[in-house]
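For reference, the structure is listed below as structure tokens.
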Amino acid sequence: MIKNRDTRLTVWLLLPVALVLVAYVLYPSLRTFIESLQKDGMISLGNYQDFFVQESKTNLEALWNSVYISLLSVLVSALIGIPLAFIFNRYDFPGRSFFSSAAILPIVLPSLVGVMAFMFLYGESGLVPNAIKDLFGLDKVPFKIGGVSGILIVHAYTMYVYFYMTVSAAINKIDPSLEEAAYNLGANKFKVFWKVTFPLLTPAIVAASLLVFMISMASFSAPFFLAGGYRVLSLQIYFSKINGDMEIAATQSVILSIVSISFLLFMRWYQNRKDYRMASKGIGAHRSEVKNPFMKWVMVVTGIIGVIILLLPHFTILLLSLVPDGTWTFQTYPTVFNVENYRLLFEDPNIFKPLRNSLLMAVIATLANLVFGVIASYVLVKRKFVGKSLVDILVMIPWALPATVIGMNLIFAFNEPSVFSFGQILVGTFWILPLAYFIRHIPLVVRSTNAVLEQLDDSIEEAARNLGAKWFYTFRRVIFPIIMPGVLSGTLLAFIESVGNSRPRSCCTRFQTGPYPLKS
């Protein structure tokens with residue numbers, strides 16, 4: 001009877017998840033795939049032949065560059081984010097709380113705004129290189145960012161936060177008694193980390209790696225502004241789109257999706273080799289105080305320098321927002337500052353309306369991501385059913401596709417009435433953008449929640465159920481409080497990405513949204 005009850009529960013939880021994925025992820029993606037098979041009004045593989053043969057030098061170079069940049073972005077982001085997560089969650093020193101809060105600041109900057117901030121700061125005419133040149137009387141700027149190194153710098157700055165947040169949530173769920181037991185058995189610190197701590201962090205590291213890899217594969221702003229001659233597949237899709245070659249754009253999108261899904265499958269295989277669950281309900285964060293005075297102040301000074309570096313792009317944006325239009329042209333540094341731009345923001349409805357629309361749409365999309373992401377994650381991690389791998393792949397597809405492609409998918413799918421749009425045309429309406437944000441950011445909540453659910457032993461839920469608690473009561477009072485850190489980290493990421501994301505807005509021409517208004 002218990003088995004039948006669990007089966008029914010699995011079905012009821014799986015049905016809405018499957019319906020959403022089929023209607024708003026699989027169906028639009030299939031429309032794009034069908035478009036890639038169209039050539040001269042016929043169904044054929046001609047577009048794929050053109051990709052690998054006739055235009056192989058351009059497209060294959062772009063494909064390799066995309067993979068190369070993405071793998072390096074994962075590596076560099078992990079080398080920054082994982083150590084920071086350990087330092088701020090395992091050690092207590094003066095200023096730790098402030099430094100740990102400042103560590104998530106890069107994610108507040110939308111991708112386009114972040115790239116522009118780096119260009120104003122570290123570009124050839126940037127504030128920092130010119131300040132150094134003037135300070136030391138140099139003939140030319142000592143450095144400037146650009147090319148592959150510039151892309152990696154921007155990616156590392158904006159994407160290490162995914163590792164920092166997911167690994168931090170996982171670290172706080174590790175039972176210190178496991179590491180203490182290893183120490184008592186004679187293991188040194190490195191062996192305890194490699195044999196005990198690191199395996200327990202594997203789900204979080206895999207989740208962050210997937211997010212960073214797929215963001216890098218779809219990166220548009222950094223390659224476009226920092227390395228215009230450096231070909232990546234996301235730019236190739238953009239150029240095909242603006243040239244009106246939608247069939248080639250669809251083909252390039254399919255190839256990009258295949259590469260990203262292949263990486264997803266590889267990381268899933270790596271994660272599924274072992275079991276990472278702990279038979280513990282979870283405890284509070286356990287931090288050791290740094291007692292060595294020298295090390296304590298080294299951490300403080302390093303933290304201060306790190307905060308300054310992290311805050312510079314934000315300060316640059318704030319500085320530029322105070323520069324009135326037309327007052328900074330040929331000068332090396334801005335000389336006029338006032339609040340004229342902010343006055344226009346609140347007085348001119350044409351300027352304020354995009355901001356209001358962005359916040360409203362982001363809130364709607366994020367609430368949907370929160371509800372759907374928690375249910376989908378629970379089904380994937382804690383329930384057994386046929387087709388689980390397929391559902392997991394469908395969950396990650398929105399992050400594997402460039403945001404522009406998601407917008408085009410929605411145009412193909414919902415520019416005419418369909419059962420999935422309740423008989424309405426969604427393109428050009430208010431609801432197409434929250435739908436685009438919701439679809440795009442499904443993986444953020446699901447993967448961050450997966451990281452903490454993987455560590456939750458099934459016996460905790462079973463104990464509550466055996467004591468007579470209904471499933472919903474057990475989930476609300478036992479499971480959800482334990483997984484709250486992972487859920488909140490993913491939800492925060494989804495909200496920030498929704499507010500700052502501008503590429504899916506190609507779906508809509510009627511509603512203005514920030515950071516830049518779109519004209520009908």
Are Val25 and Pro398 close enough that some pair of their side-chain heavy atoms sits under 4.5 Å apart?
-> yes
Could you tell me whether a side-chain N or O of Ser70 sits under 3.5 Å from a main-chain N or O of Met217, the two making a donor and an acceptor?
-> yes
Would you say Ser234's side chain and Ser219's backbone share a donor-acceptor pair under 3.5 angstrom?
-> yes
Hey, does the side chain of Ser377 reach the backbone of Val374 with a donor-acceptor pair shorter than 3.5 angstrom?
-> no
Gap separating the CG atom of Leu319 from the CZ atom of Phe120, nearest 0.5 angstrom | 10.0 Å
Out of Thr449, Val452, Leu453, Leu492, which one pairs with Val487 under the side chain to side chain contact (heavy atoms under 4.5 Å, CB included) rule?
-> Thr449
Are the side chain of Thr366 and the backbone N or O of Val363 linked by a donor-acceptor pair below 3.5 Å?
-> no
Decide whether Ser168 and Asn89 meet the rule of one side-chain donor and one side-chain acceptor closer than 3.5 Å.
-> yes
When Ile151, Thr158, Val154, Val115 are each screened for side chain to side chain contact (heavy atoms under 4.5 Å, CB included) with Ser221, the one that passes is Val115
All heavy atoms of Ala156 vs all of Ile80, minimum pair found to be CB-CD1, 4.1 Å
Take atom CZ in Phe337; do more than 12 heavy atoms of anything else shown fall under 6.0 Å from it?
-> yes
Pair Val339-Leu322, side-chain contact (heavy atoms from CB on, under 4.5 Å): steps then yes or no | CA-CA 6 Å; Val339 294; Leu322 297 174; 4.3 Å; yes
How many angstroms lie between atom OG1 of Thr251 and atom CD1 of Ile237, to the nearest 0.5 angstrom?
-> 10.0 Å
Would you check if Val167 and Ile205 make a side-chain contact, meaning some heavy-atom pair closer than 4.5 Å?
-> yes
Can you check whether Phe263 reaches Val67 side chain to side chain, under 4.5 Å on heavy atoms?
-> no
Point-to-point distance, once rounded to the nearest 0.5 Å, from CH2 of Trp431 to CG of Leu426 | 10.5 Å
Any side-chain heavy atom of Asn130 sitting closer than 4.5 Å to one from Lys144?
-> no
Taking the side chain as every heavy atom from C-beta outward, state whether Val206 and Arg447 have any atom pair closer than 4.5 Å.
-> yes
Identify the two heavy atoms, one from Val232 and one from Pro223, that lie closest to each other, and give their separation to 0.1 Å.
-> CG2-CB, 3.7 Å
Indicate the atoms forming the closest heavy-atom contact of Pro324 with Val336, along with that distance.
-> CD-O, 3.3 Å
Are any of the side-chain heavy atoms of Leu310 and Tyr157 separated by less than 4.5 Å?
-> yes
Backbone N/O of Ser216 and side chain of His155: donor-acceptor pair under 3.5 Å | no
Leu320 and Thr316: side-chain contact (heavy atoms from CB on, under 4.5 Å), yes or no, with the steps?
-> CA-CA 6 Å; Leu320 296 180; Thr316 301; 4.2 Å; yes
Mind telling me whether Phe88 and Tyr164 have parallel, tilted or perpendicular rings, with 30° and 60° as the class edges?
-> perpendicular
Is any side-chain heavy atom of Leu21 closer than 4.5 Å to a side-chain heavy atom of Phe372?
-> yes
Measure across Ala413 and Ser418 and return the closest heavy-atom pair with its distance rounded to 0.1 Å.
-> O-OG, 4.4 Å
Rounded to the nearest 0.5 Å, how far does CD1 of Ile171 lie from CG of Leu201?
-> 5.5 Å
From CA spacing to verdict: side-chain contact (heavy atoms from CB on, under 4.5 Å), Phe51, Val254 | CA-CA 11 Å; Phe51 185 95; Val254 171; over 6 Å; no
Tell me, do His441 and Phe495 make a side-chain contact under 4.5 Å, heavy atoms counted?
-> no
Near-ring test Tyr24/Phe438, centroid separation under 6.0 angstrom = no
Give the ring-plane orientation class for Phe118 versus Tyr122, where under 30° counts as parallel, over 60° as perpendicular and anything between as tilted.
-> tilted
Would you indicate whether Lys133, at its atom NZ, is surrounded by more than 12 heavy atoms from other residues, nucleotides or ligands within a distance under 6.0 Å?
-> yes
Grab the two heavy atoms, one from Ala494 and one from Asn369, that are nearest each other, plus how far apart they are.
-> CB-OD1, 4.2 Å
Does the Ser421 side chain pair with the main chain of Pro417, one donor and one acceptor, at a distance under 3.5 Å?
-> no
Does atom CZ of Phe315 have more than 12 heavy-atom neighbours, drawn from other residues, nucleotides or ligands, at distances under 6.0 Å?
-> no
Are more than 12 heavy atoms from other residues, nucleotides or ligands located less than 6.0 Å from atom CD of Gln424?
-> no
Please indicate whether Tyr342 has more than 12 foreign heavy atoms, meaning atoms of other residues, nucleotides or ligands, lying under 6.0 Å from its OH.
-> yes
Nearest heavy-atom approach of Val300 to Phe99 is O-CZ, 3.7 Å
Spacing of Phe224 atom CZ and Phe239 atom CZ [to the nearest 0.5 Å] = 5.5 Å
Nearest 0.5 Å please: distance from the CG atom of Leu410 over to the CZ atom of Arg440.
-> 12.0 Å
Does the pair Leu435 and Ile439 meet the rule for a side-chain contact (heavy atoms from CB on, under 4.5 Å), with working shown?
-> CA-CA 6 Å; Leu435 177 61; Ile439 295 171; 3.9 Å; yes
